[in-house]
Structure formats: C-alpha cells, structure tokens
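Heads up: the structure comes next, in structure tokens.
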Amino acid sequence: MIMRLDPHKITEIVRLVRKRYPDWENFDHAQFREEEITYKQQAADAARETLSENNLRKGIYLRFVTVASNLAITLKLLSKQRPSCSPKPMASYQSQAPILACCR
C-alpha cells in the first residue's frame with residue numbers, strides 16, 4: 001500500500017528535518033543516519049534473528065516441554081524427585097528436568 005502525502009505536508013516534514021539537520025539533503029546524511037536509521041536497522045536485525053525459523057523452532061520446543069512438564073506434574077505423571085514407588089526413573093530429558101515416573 002502506498003501512502004500519499006499532501007505536498008504541503010512533505011514541505012513541512014522537510015522543513016522540520018532541516019531544522020534539526022541544517023545541511024540535510026537526503027537519507028544518507030551522516031548524523032541523520034546515526035540518530036534516525038542505524039538503531040532502527042539494528043533493532044530490525046535483532047528481531048529478524050530472534051524470529052528466525054531456527055530460534056522459533058527452539059522456542060516452540062522449549063515452550064512445549066514446559067507446558068507438557070507442567071501438565072504431567074499436575075496430572076501426577078511427572079515428579080521432580082525420584083518417586084518411592086519406582087526404583088529407577090523410566091525416562092528423563094535434560095539433566096535439570098523433572099524425572100518421568102510411572103507411579104500409580
């Protein structure tokens with residue numbers, strides 16, 4: 001979608017930019033880039049990395065493990081300590097994670 005600006009608004013915007021940056025001619029102006037563009041590009045790059053497919057997959061997996069663990073604890077399928085009814089845990093994932101036990 002293209003946003004059309006009234007020519008008077010464009011003139012006013014340029015006037016305001018030149019008030020802040022007297023020698024401003026275009027978006028390559030060094031101080032303008034430093035103050036108005038660089039940090040936005042850095043934020044966009046950080047967001048792109050955070051939202052990358054790999055990071056999203058990792059985040060979704062970790063969220064799934066957390067939700068599944070909490071549900072299993074709620075349903076008493078998962079215990080944070082070795083249950084007295086089982087001599088050995090049936091399975092575990094990651095060293096700090098709760099231990100899956102089949103207590104009845």
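Both backbone and side-chain heavy atoms feed into the values below; hydrogens, waters and symmetry mates do not. Computed from a prediction, not measured in an experiment: that's the story for all the values here.
- For Leu56 against Leu51, the heavy-atom pair with the smallest separation is CD1-O, 3.3 Å.
- Remark: Ile37 CD1 to Asp28 CG distance equals 7.5 Å, nearest 0.5 Å.
- Under the 30°/60° scheme for interplanar angles, the aromatic rings of Phe27 and Phe32 are found to be tilted.
- Residues satisfying the side chain to side chain donor-acceptor pair (under 3.5 Å) criterion with Glu34, sequence neighbours excluded, are absent altogether.
- Phe64 and Val67 fall into different hydrophobic clusters, defined by Ile, Leu, Val, Met, Phe, Trp and Tyr side-chain heavy atoms under 4.5 Å apart, directly or through other members.
- Salt bridge absent: Glu12 and Lys9 never bring a charged side-chain N and a carboxylate O closer than 4.0 Å.
- Taken together through direct or relayed side-chain contacts under 4.5 Å among Ile, Leu, Val, Met, Phe, Trp and Tyr, Leu62 and Val65 form part of one hydrophobic cluster.
- Remark: Trp24 CH2 to His29 NE2 distance equals 9.5 Å, nearest 0.5 Å.
- The existence of a salt bridge linking Glu25 and Arg18 is confirmed by a sub-4.0 Å separation between a basic side-chain nitrogen and an acidic carboxylate oxygen.
- Counting non-hydrogen atoms of neighbouring residues, nucleotides and ligands closer than 6.0 angstrom, the NZ atom of Lys40 exceeds 12 such neighbours.
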_CA sep, side-chain torsions, deciding dist, call: Arg33, Gln41, side chain to side chain contact (heavy atoms under 4.5 Å, CB included)_ = CA-CA 10 Å; Arg33 286 191 65 77; Gln41 288 177 332; 3.7 Å; yes

*Show your reasoning for whether side chain to side chain contact (heavy atoms under 4.5 Å, CB included) applies to Arg57 and Ile60.*
CA-CA 5 Å; Arg57 287 181 190 274; Ile60 290 168; 5.8 Å; no

*Any chance you could lay out the side chain to side chain contact (heavy atoms under 4.5 Å, CB included) test for Lys58 and Asn54, step after step, and finish with the verdict?*
CA-CA 6 Å; Lys58 220 184 296 182; Asn54 188 41; 4.3 Å; yes

